[in-house]
Asker: 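Handing you this structure, nothing more for now.
Keep in mind that the numbers below use all heavy atoms, side chains included, and drop hydrogens, waters and symmetry copies.
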Amino acid sequence: MCLMYYWRGLNQMTEKVVVFTGSKRDFDDFLKDRISENEETIPFMELIQHYNARLRPNESGVGEEALISKIKVKNCVVRSDDYRSVLPHVLSNFTNIVTLNHDIETLYVQNPPRRVMESLRAGYDDEIECHESVYPELTRETLARIYSMLNEDVLGQEECKRQILSGMYRLTTGLTSKPVVLMLFGPSGVGKTESAKSISKALGGELLRVQFSMMQTQEAYDYVFGAEHSKSSFAGDMMDRESNVILIDEFDKVNPLFYNAFYELFDEGRYTDTNYSVNLGQAIFLLTCNFESESEIKKILGPAMFSRIGCCIEYADLSTEQKQEIVKRWYQNVFGTLKEDERSLISKTNIREWFLNNAERFDNIRILKTKLENAVFEKLTDHFIIKVEG
């Protein structure tokens, strides 16, 4: 974190620049501490509206009086999503455009792309005040909390939980800047994704989840390596992350041509694309796949990628008793969201008992949960909406 700044003279157009790197949640909390409710604050897009008015005054809808002289404002806030809404030249000429119509006392900028940061440095150099999201430090107490949460959220898989915690333990020593990379493999719907969500929840942030299998080749390439600033990217999403836990679902579906993008990330905790450079030194990467063995993982991913995985953790099929426990928990979870008359109706059905008696028929827990939900809401629809008798 850098704190090198001073107040610029009042004849300057922006007196102070504050750059924040991190999540929207943390940025909002930061702004609450810095800006009081009665302070005048304009969003970046309002500023851009005035800039466009200078270029096309007849089309802008901004009154002429607003274009005659500079507007003095206390604060201007630029958010991560704002950059996607402007043309490329706005990024390259960011400082000049921001100060064209406005005298800004403090400019707050979240997660600036490379061209924006270069423009700011050209105008303000080391006078920029820098802050960043601070992610929870891993300690033995933190790991104990994660273990407790995993036991609540994920049934069975005791050896998997032990291996996950063992893989994360090295981050408690403070001796490594490398992220932890764990491969969770096994059949679908047995707790891999749920484990990642549970860890992230225990650390106090929403999980960043990436699914490359949902992208076509060009779309995935642009996402991984960065393309137009208006598009989402892997680096941009990691910069915006709330949690230091990152889940890459179905890593086996990643095109092998993209693997070189992950080498530096998994080795050194740095990730760079055309727009952003992100530091992820203490991050936890959880990769999931449906491979059946560690040897298959090594064969498909290749030695270079396989060597960067800290541990391969195999998730097993759940026992009938564990599936029945999931039925009990999920039924109660759904039941708890219903109104009193809905509960009265559902409690008279055999939905819970049927799923308990047939739990072993389901190999995928997500499907089991979905079927149970469907049974409940179909019954409610028939009774309260369609008025079906019986």
Asker: Can you confirm whether E39 is buried at CD, in the sense that more than 12 heavy atoms of other residues, nucleotides or ligands lie under 6.0 Å from that atom?
Answerer: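 Yes, the 6.0 Å shell around CD holds more than 12 heavy atoms from other groups.
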Asker: Please report whether the ring centroid of F258 lies less than 6.0 Å from that of F234.
Answerer: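 No: the rings miss the under 6.0 Å criterion.
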Asker: Around atom CD of E206, are there more than 12 heavy atoms from other residues, nucleotides or ligands closer than 6.0 Å?
Answerer: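 Count not over threshold, so no.
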Asker: Taking the six-membered ring of F94, is the NZ or CZ of R115 close enough (under 6.0 Å from the centre) and on axis enough (within 45°)?
Answerer: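 No, R115 and F94 do not form such a contact.
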Asker: Does the distance from a Lys or Arg side-chain N to an Asp or Glu carboxylate O, for K24 and D28, drop under 4.0 Å?
Answerer: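 Counted as a salt bridge, because a side-chain N and a carboxylate O are separated by less than 4.0 Å.
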Asker: With a 4.0 Å cut-off, would you call E158 and K161 a salt bridge?
Answerer: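 Between K161 and E158 there is a salt bridge, with a charged N closer than 4.0 Å to a carboxylate O.
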Asker: Looking at K201 and E152, is any side-chain nitrogen of the basic one under 4.0 Å from a carboxylate oxygen of the acidic one?
Answerer: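 Not counted as a salt bridge, because no side-chain N and carboxylate O are separated by less than 4.0 Å.
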Asker: Between CG of D29 and OG of S23, what distance do you get to the nearest 0.5 Å?
Answerer: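 Answer rounded to 0.5 Å: 8.0 Å.
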Asker: Shortest non-hydrogen contact from E137 to T142?
Answerer: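 Smallest interatomic distance, heavy atoms only, reads O-OG1, 3.3 Å.
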Asker: Taking the inter-plane angle between the rings of F335 and Y331 on a 0 to 90° scale, is it parallel (under 30°), tilted (30 to 60°) or perpendicular (over 60°)?
Answerer: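 It falls in the parallel class, under 30°.
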Asker: Does either side chain, that of T41 or that of Y108, offer a donor lying less than 3.5 Å from an acceptor on the other one?
Answerer: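 Absent: no donor and acceptor within the cut-off.
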Asker: If we only count heavy atoms from C-beta on, is the T349 to I346 side-chain gap below 4.5 Å?
Answerer: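 Heavy-atom side-chain distance check passes, below 4.5 Å.
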Asker: Taking L368 as the fixed residue, which of L318, N358, V327 is the one that meets the side-chain contact (heavy atoms from CB on, under 4.5 Å) rule?
Answerer: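 Among L318, N358, V327, the one meeting side-chain contact (heavy atoms from CB on, under 4.5 Å) with L368 is V327.
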Asker: Minimum heavy-atom separation for V224 to A261, with atom names?
Answerer: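 Shortest heavy-atom separation between V224 and A261 comes out as CG1-CB, 3.5 Å.
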Asker: I'd like to know whether the aromatic ring centres of F266 and F285 sit less than 6.0 Å apart in this structure.
Answerer: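 Ring centres of F285 and F266 closer than 6.0 Å.
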Asker: State the CD1-OH distance between I246 and Y271, to the nearest 0.5 angstrom.
Answerer: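 Spacing of CD1 (I246) from OH (Y271) equals 11.0 Å.
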Asker: Run through V116, V109, N93, L47 and flag the one making a side-chain contact (heavy atoms from CB on, under 4.5 Å) with V98.
Answerer: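 Result for side-chain contact (heavy atoms from CB on, under 4.5 Å) with V98: L47.
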Asker: If you look at every heavy atom in V19 and L120, which pair is closest and at what distance?
Answerer: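 Closest approach of V19 to L120, heavy atoms only: CG2-CD1, 4.1 Å.
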Asker: Do Y83 and N111 get their side chains close enough for a donor-acceptor pair, meaning under 3.5 Å?
Answerer: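 Short answer, no.
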Asker: Using every non-hydrogen atom in the two residues, find where S200 and S243 come nearest and quote the distance to one decimal.
Answerer: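 Distance-wise, the nearest heavy atoms are OG-OG, 3.0 Å.
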Asker: Could E264 and R270 be called an ion pair, given the rule that one side-chain N must be under 4.0 Å from one carboxylate O?
Answerer: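 So E264 does not pair with R270 through a salt bridge.
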Asker: Can you tell me how far the CZ atom of R34 sits from the CG atom of N75, to the nearest 0.5 Å?
Answerer: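 It comes to 9.5 Å.
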Asker: According to the interplanar angle, ranging from 0 to 90°, do the rings of F262 and F251 count as parallel (below 30°), tilted (30 to 60°) or perpendicular (above 60°)?
Answerer: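 Taking F251 first and then F262, their aromatic rings stand perpendicular (interplane angle over 60°).
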Asker: Does the ring centre of F185 sit less than 6.0 Å away from the ring centre of F291?
Answerer: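 Between F185 and F291, which both carry aromatic rings, the centre distance is not below 6.0 Å.
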Asker: Is it true that D267 and R308 have a side-chain N and a carboxylate O under 4.0 angstrom from each other?
Answerer: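 Yes, D267 and R308 are salt-bridged.
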Asker: To check you understand the geometry: which heavy-atom pair defines the closest contact between T193 and D249, and what is its length?
Answerer: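 Heavy-atom minimum between the residues: OG1-OD1, 3.4 Å.
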